[in-house]
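Scroll down for the structure; my scribbles are underneath it.
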There are 2 protein chains.
Amino acid sequence: MTVCRRARRREIVLFQRLASCFDNTGFCGIGVDAIAEAAETNKMTLYRHFGSKDDLICEALRFTSEKAAAFWDLLEASHPNDPMAQLQSWVKARAQCLADDKYGCDLANAAVELKEQGHPAHVVIENFKLAQRRRLEKLCRDAGVSEPELLSDTLSMLMEGAQVSKLATGSEGPSMRFMRACEAAIASFRQPARNTADTVGSEA
Amino acid sequence: MTVCRRARRREIVLFQRLASCFDNTGFCGIGVDAIAEAAETNKMTLYRHFGSKDDLICEALRFTSEKAAAFWDLLEASHPNDPMAQLQSWVKARAQCLADDKYGCDLANAAVELKEQGHPAHVVIENFKLAQRRRLEKLCRDAGVSEPELLSDTLSMLMEGAQVSKLATGSEGPSMRFMRACEAAIASFRQPARNTADTVGSEA
DNA sequence: TCGAATAGTTACCGACCGGTCACACCTATG
DNA sequence: CATAGGTGTGACCGGTCGGTAACTATTCGA
């Protein structure tokens, strides 16, 4: 058991160093040797902890997603019993991430890059994104907006879109208005219920 | 000169076959041999037309972006002198692409995958996305909405976000509400000017 | 129809890929 | 202090990578 704990401790250290390792190169574009170097270790040690490169990627993504889950707990604790303040705090935090992280969410990038069907990372990505969606939707619902599902998905899309847009056109592209777009969306759903799709004449 | 035209014709055929070639595998995940097979030719012919794999990727992206430019002309022709109808038509067309294309915009995917600085594809991607942004913003402005720049960037982010979100969580994720989100955004900017960020109490 | 330009084929290059092996080296714990 | 569990090192495997050479077959324009 003590050995097990020793190994686990080592893995956590590895994960932390691995977290920002795929950012520059992507997942296919980096070799296991380079990964090992970034993790300040060597290839054999990596292969003693993980069955394969794909397995390693999965575990690294899982680690990242668990760290992100902690963010939500922090968010709820920061404004207890004030979901609207939490929602605004979420926007602010996402805008901060957008400004800080040069390359967006690892999970989202992995979804784009590893799109061959059946890649083991897919279930990690999907579980993470669905969990995020659930929490955001709950937040919107608790905040009492008129259409919580629609607002939640709008904010999700704005967030993902801002990140890929920043990769494509830099920080002076559409992503520069991410925060204002979120605020406008929230504001438009705050008033009772009437201005969603009735003024746009589209059938189906 | 005639030979030049002959070669150019061949290149166009190659491009058309290449267009959907990177969709399944990404750009790093496919070898030149496989690319040649997908283009129904062989590696030597590819290398006689393009200097390198990166060059080939750039040209393929450029071809795709030129095809996309034609879409805008079609859009304007479909509803002459009715920018709001064009805007709604844009939303509908993007929703259709979202439903049809299994993997989103090649240019956006390339931006995510080829994020090493200095990759020659970056200028192609950036030029394309900025051009799209300009046209969308002009459309919003002509449609007479209250904040054309903000609406345009909101729609851009929703579009990019819907695509990556679909890759991450499938068509039942946030992307399922892409069209409604766009319509709500347009609607909220149609009325005079007052509901953008004043109800959300955020300083800075 | 002739000749030049292009396409196809095959084999090949060095480099690197993911992954494994054997073996020496640490280091924490009994 | 002995030892088992973990780490570091370097060589190695077969396969594939991007890219090229040499040569033949085909096609198209004058």
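Every chain is numbered from 1 and lettered A, B, ... according to where its sequence line falls, protein lines coming before strand lines. Because the structure is a prediction, the values reported are computed rather than measured. Only heavy atoms go into these numbers, but all of them, side chains included; no hydrogens, no water, no symmetry mates.
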- B/Thr41, nearest nucleotide to its side chain (from C/dG19, D/dG8, C/dG8): C/dG8
- What's the CE-P distance between A/Met44 and D/dG8, to the nearest Å? 11 Å
- Note on the structure: Quick note, salt bridge (charged side-chain N to carboxylate O under 4.0 Å, His left out) partners involving residues 50-64 of chain A, not counting sequence neighbours, are A/Glu59-A/Arg62
- Item | Pairs touching residues 103-112 of chain A that satisfy salt bridge (charged side-chain N to carboxylate O under 4.0 Å, His left out), sequence neighbours left out | none
- Task: With sequence neighbours excluded, give me every side-chain hydrogen bond (donor to acceptor under 3.5 Å, both in side chains) pair touching residues 72-84 of chain A.
- Result: A/Trp72-A/Gln132, A/Asp73-A/Arg135, A/Glu76-A/Arg135
- Pairs where residues 165-178 of chain B contributes a residue and the test side-chain hydrogen bond (donor to acceptor under 3.5 Å, both in side chains) is met, not counting sequence neighbours: A/Glu149-B/Arg177, A/Asp153-B/Arg177
- Message: Is the phosphate of C/dG8 approached by B/Asn42 (side-chain N or O, under 4.0 Å from OP1 or OP2)?
- Response: yes
- Message: With a 4.0 Å cutoff (strictly under), does any side-chain N or O of A/Thr45 reach OP1 or OP2 of D/dT7?
- Response: no
- Ring center gap for B/Phe15 and B/Phe50 short of 6.0 angstrom: yes
Just list the side-chain donor-acceptor pairs under 3.5 Å for residues 16-37 of chain B, sequence neighbours left out, or say none.
unit_1: B/Arg17; atom_1: NH1; unit_2: B/Ala39; atom_2: O; d: 3.0

- May I ask you to list the residues of residues 21-40 of chain B, by number, that have any heavy atom positioned under 4.0 Å from an atom of DNA chain C? none
- Query: Considering only heavy atoms, which members of residues 46-59 of chain B lie under 4.0 Å from some atom of DNA chain C?
  - Reply: B/Arg48, B/His49
- Who passes side-chain contact (heavy atoms from CB on, under 4.5 Å) against B/Ala108, sequence neighbours left out? A/Val164, B/Cys105, B/Lys129, B/Glu160
- Can you name the side chain to side chain donor-acceptor pair (under 3.5 Å) partners of A/Lys138, sequence neighbours left out? A/Asp142
